[in-house]
Amino acid sequence: MSARYLLPYPPEEIGGLPDGLDAVVWDGGGPAPSDEAVRAVEFFCLPYLRHAVALPVIGRLPALKVVQTLTAGMDDVLPHVPDGVVACNARGLHDASTAELAVTLILASLRGVPQFVRRQDQGLWRQEFHRSLADRTVLILGYGSIGRALAARLEPFECEVVKVARRARPEERVHGVGELAELLPAADVVVLLTPLTPESRHLVDAGFLARMKDDALLVNVARGPVVDTAALLAELSAERLRAALDVTDPEPLPADHPLWRAPGVLITPHVGGPSSAFLPRAKRVLREQIRRFEKGEPLADGR
């Protein structure tokens, strides 16, 4: 008999689910389940970091009602979701981990940590003066769930945080994107957290970068195509701006890409989400969504 759920973790590991939940478990690491095993699946949770192998399975689920991701972004998933099927992202799951990485990238870049690590490999002791995060202005572009988590973590660092979202929210002191031209010249650090949409693709273009102050730091923990890579390379090569990038365009970044060797850039390989904070929060998201689905309640959808 076919199951109603296709999940990346056994129900007993997720915990708190109804006894005997009818589920096929597939983490994307082996062969996909047979058509017979999944013909009655109504709820499919895509395995994390394995969307490429999981997305074709969506078309083999004739009874499908819900596609659940364990990611905040869904730009790669939505084109594969049939009409009438509910698509839910994992709002809140990556808040802690991604906000932590953003703070790490900011501090490492401002305090010269990449250079010190390279000199450690050479046994070089060379003191330098670097900027502190204290007294800097940090602009968060994409002030949603992760943006709030980042702002909370920045508060003890004695910096000013400027919040920008798609639309202004005066009650939260959040600016709209239409105010960016006036806000960018005052920012020492610009952190990108906006989802990738047709409107945000190449939002950070040559004009955007030109408005940033000299020696400002661009931090991208959103999606690579939010930034025009050629425009960013031009600014980095001129040593006018610096960047810390957890995501790139293209991605993965080819070994011969000039971005690797651009001055003033720190690159991490899209690791904002995968950390020890992931699994407990992933299980929490699934537990709540399955509870709602079983009771016929509206699903949480943070998009």
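All figures in this text were calculated on a predicted structure; none of them were measured in a lab.
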S.K.: So how far is it from Leu245 CG to Leu232 CG, rounded to the nearest 0.5 Å?
M.R.: 6.0 Å
S.K.: For the backbone of Pro33 and the side chain of Arg60, can you confirm whether one donor and one acceptor N or O come within less than 3.5 Å of each other?
M.R.: yes
S.K.: Do Val247 and Leu266 share a hydrophobic cluster, counting only Ile, Leu, Val, Met, Phe, Trp and Tyr and linking them when any side-chain heavy atoms are less than 4.5 Å apart?
M.R.: no
S.K.: Any Lys/Arg nitrogen of Glu251 or Arg223 sitting under 4.0 Å from an Asp/Glu carboxylate oxygen of the other?
M.R.: no
S.K.: Is the backbone of Pro195 close enough, under 3.5 Å, to the side chain of Ser200 for a donor and an acceptor to pair up by distance?
M.R.: yes
S.K.: Counting N and O atoms only, with roles assigned by atom type, does the side chain of Ser34 sit under 3.5 Å from a partner on the main chain of Ala37, one being a donor and the other an acceptor?
M.R.: yes
S.K.: Pair Thr71, His51 - check side chain to side chain contact (heavy atoms under 4.5 Å, CB included), show working.
M.R.: CA-CA 10 Å; Thr71 58; His51 283 189; 3.8 Å; yes
S.K.: Between Leu196 and Phe208, is there a shared hydrophobic cluster once you connect ILVMFWY residues whose side-chain heavy atoms come closer than 4.5 Å?
M.R.: yes
S.K.: When you check the side-chain N and O atoms of His270 and Asp246, is any donor under 3.5 Å from an acceptor?
M.R.: no
S.K.: Are Leu139 and Val191 close enough that some pair of their side-chain heavy atoms sits under 4.5 Å apart?
M.R.: no
S.K.: Using 0.5 Å steps for rounding, measure from the CG atom of Asp188 to the CG atom of Leu110.
M.R.: 8.5 Å
S.K.: Under a single-linkage definition using a 4.5 Å side-chain heavy-atom cutoff for Ile, Leu, Val, Met, Phe, Trp and Tyr, are Val271 and Val103 assigned to the same hydrophobic cluster?
M.R.: yes
S.K.: Is the shortest heavy-atom distance from the side chain of Arg153 to the side chain of Glu100 under 4.5 Å?
M.R.: yes
S.K.: Given 3.5 Å as the limit, does a donor-acceptor pair link the side chain of Ser97 with the main chain of Gly273, or not?
M.R.: yes
S.K.: If Ile, Leu, Val, Met, Phe, Trp and Tyr residues are connected whenever their side-chain heavy atoms lie under 4.5 Å apart, and connections chain through other members, are Val190 and Leu154 in the same group?
M.R.: no
S.K.: What closest approach, in Å, do Val53 and Gly28 show between heavy atoms, and which atom pair accounts for it?
M.R.: CG2-O, 3.6 Å
S.K.: Does a donor on one side chain sit under 3.5 Å from an acceptor on the other, for Thr229 and Asp249?
M.R.: no
S.K.: Could you give me the CA-CA distance, side-chain angles and deciding distance for Lys65 and Val86, then say whether side chain to side chain contact (heavy atoms under 4.5 Å, CB included) is met?
M.R.: CA-CA 6 Å; Lys65 296 180 180 178; Val86 176; over 6 Å; no
S.K.: Could you check whether any side-chain heavy atom of Arg201 comes within less than 4.5 Å of a side-chain heavy atom of Pro225, counting everything from C-beta outward?
M.R.: yes
S.K.: Are there more than 12 heavy atoms of other residues, nucleotides or ligands under 6.0 Å from atom CZ of Arg166?
M.R.: no
S.K.: Applying salt bridge (charged side-chain N to carboxylate O under 4.0 Å, His left out) to Glu128 and Arg119, what does each step give before you reach the verdict?
M.R.: CA-CA 12 Å; Glu128 292 179 348; Arg119 289 171 190 162; 2.6 Å; yes
S.K.: Between Arg240 and Asp214 (salt bridge meaning N to carboxylate O under 4.0 Å), is one present in this structure?
M.R.: yes
S.K.: Within a reach of under 6.0 Å around CD of Glu158, are more than 12 heavy atoms found that belong to other residues, nucleotides or ligands?
M.R.: no
S.K.: Check whether any side-chain heavy atom of Leu107 lies under 4.5 Å from a side-chain heavy atom of Phe157, and answer yes or no.
M.R.: yes
S.K.: Flag the pair Arg291 and Glu294 as a salt bridge only when some basic side-chain nitrogen lies within less than 4.0 angstrom of an acidic carboxylate oxygen.
M.R.: no
S.K.: Only one of Val189, Val219, Leu217 forms a side chain to side chain contact (heavy atoms under 4.5 Å, CB included) with Arg242, so which one is it?
M.R.: Leu217
S.K.: Quick one: CG on Leu233 to CG on Leu241, what's the gap to the nearest 0.5 Å?
M.R.: 12.0 Å
S.K.: Going through the distances and angles, do Leu193 and Tyr143 end up as a side chain to side chain contact (heavy atoms under 4.5 Å, CB included)?
M.R.: CA-CA 7 Å; Leu193 284 169; Tyr143 191 73; over 6 Å; no
S.K.: Tell me, do Met212 and Leu218 make a side-chain contact under 4.5 Å, heavy atoms counted?
M.R.: yes
S.K.: Check whether Arg39 reaches the backbone of Pro62 with its side chain - one donor and one acceptor, N or O, closer than 3.5 Å.
M.R.: no
S.K.: Between Glu288 and Arg284, does at least one N-O distance fall below 4.0 Å, as a salt bridge requires?
M.R.: no
S.K.: If you count the non-hydrogen atoms of other residues, nucleotides and ligands that lie under 6.0 Å from CD in Glu155, is the total more than 12?
M.R.: no
S.K.: Is there a path of hydrophobic side-chain contacts, each under 4.5 Å between heavy atoms, that joins Val25 and Val41?
M.R.: no
S.K.: Look only at the side chain of Arg211 and the backbone of Glu182, and say whether a donor-acceptor pair between them is shorter than 3.5 Å.
M.R.: no
S.K.: Could you state the interatomic distance from CG (Leu6) to CZ (Phe44), rounded to the nearest 0.5 Å?
M.R.: 4.5 Å
S.K.: Looking at Ala243 and Leu236, what are the two nearest heavy atoms and their distance?
M.R.: N-CD2, 3.8 Å
S.K.: With no hydrogens and no angle check, is any side-chain donor or acceptor of Trp260 less than 3.5 Å from a backbone partner on Ile267?
M.R.: no
S.K.: I want to check something: taking the side chain as every heavy atom from C-beta on, are Ile14 and Leu7 in contact at a cut-off of under 4.5 Å?
M.R.: yes
S.K.: How about Asp205: does its CG atom have over 12 heavy atoms from other parts shown lying under 6.0 Å from it?
M.R.: yes
S.K.: Can you name the closest pair of heavy atoms from Ala244 and Ser109 and give their distance?
M.R.: CB-OG, 3.5 Å
S.K.: Does Glu160 use its side chain to pair, donor to acceptor, with the backbone of Arg136 at less than 3.5 Å?
M.R.: no
S.K.: Is there a side-chain contact between Tyr9 and Leu279 (heavy atoms, below 4.5 Å)?
M.R.: yes
S.K.: Using atom types as modelled and distance alone, determine if a side-chain donor or acceptor of Asn89 lies under 3.5 Å from a backbone N or O of Ala72.
M.R.: yes
S.K.: Should we count CZ of Arg118 as having more than 12 external heavy atoms under 6.0 Å?
M.R.: no
S.K.: If you take all heavy atoms of Pro254 and Pro250, which pair is closest and at what distance?
M.R.: CD-CG, 3.7 Å
S.K.: Are the side chain of Glu172 and the backbone of Arg169 linked by a donor-acceptor contact shorter than 3.5 Å?
M.R.: no
S.K.: As an exercise, state the distance from SG of Cys88 to CZ of Phe43, rounded to the nearest 0.5 Å.
M.R.: 7.0 Å
S.K.: Answer yes or no: are there more than 12 heavy-atom neighbours, outside Glu171 itself, under 6.0 Å from its atom CD?
M.R.: yes
S.K.: Going by distance alone, is a donor N or O of one side chain under 3.5 Å from an acceptor N or O of the other, for Gln68 and Tyr5?
M.R.: no
S.K.: How many angstroms lie between atom CD1 of Ile146 and atom OG1 of Thr98, to the nearest 0.5 angstrom?
M.R.: 4.5 Å
S.K.: Measure across Val85 and Val81 and return the closest heavy-atom pair with its distance rounded to 0.1 Å.
M.R.: O-CG1, 3.6 Å
S.K.: Could you check Val66 against Leu299 for side chain to side chain contact (heavy atoms under 4.5 Å, CB included), going step by step and ending with a plain yes or no?
M.R.: CA-CA 9 Å; Val66 176; Leu299 300 176; 3.5 Å; yes
S.K.: What is the ring orientation for Phe278 with His94, classed by angle as parallel under 30°, tilted 30 to 60°, or perpendicular over 60°?
M.R.: parallel
S.K.: Does any non-hydrogen side-chain atom of Asp228 lie less than 4.5 Å from one of Val204?
M.R.: no
S.K.: Which heavy atom of Met74 sits nearest to which heavy atom of Ala87, and what is that distance?
M.R.: CE-CB, 3.6 Å
S.K.: For the side chain to side chain contact (heavy atoms under 4.5 Å, CB included) test, which of Val77, Asp76, Leu93 pairs with Thr69?
M.R.: Val77
S.K.: Say whether Thr197 and Glu199, considering side chains only, have a donor N or O and an acceptor N or O under 3.5 Å apart.
M.R.: yes
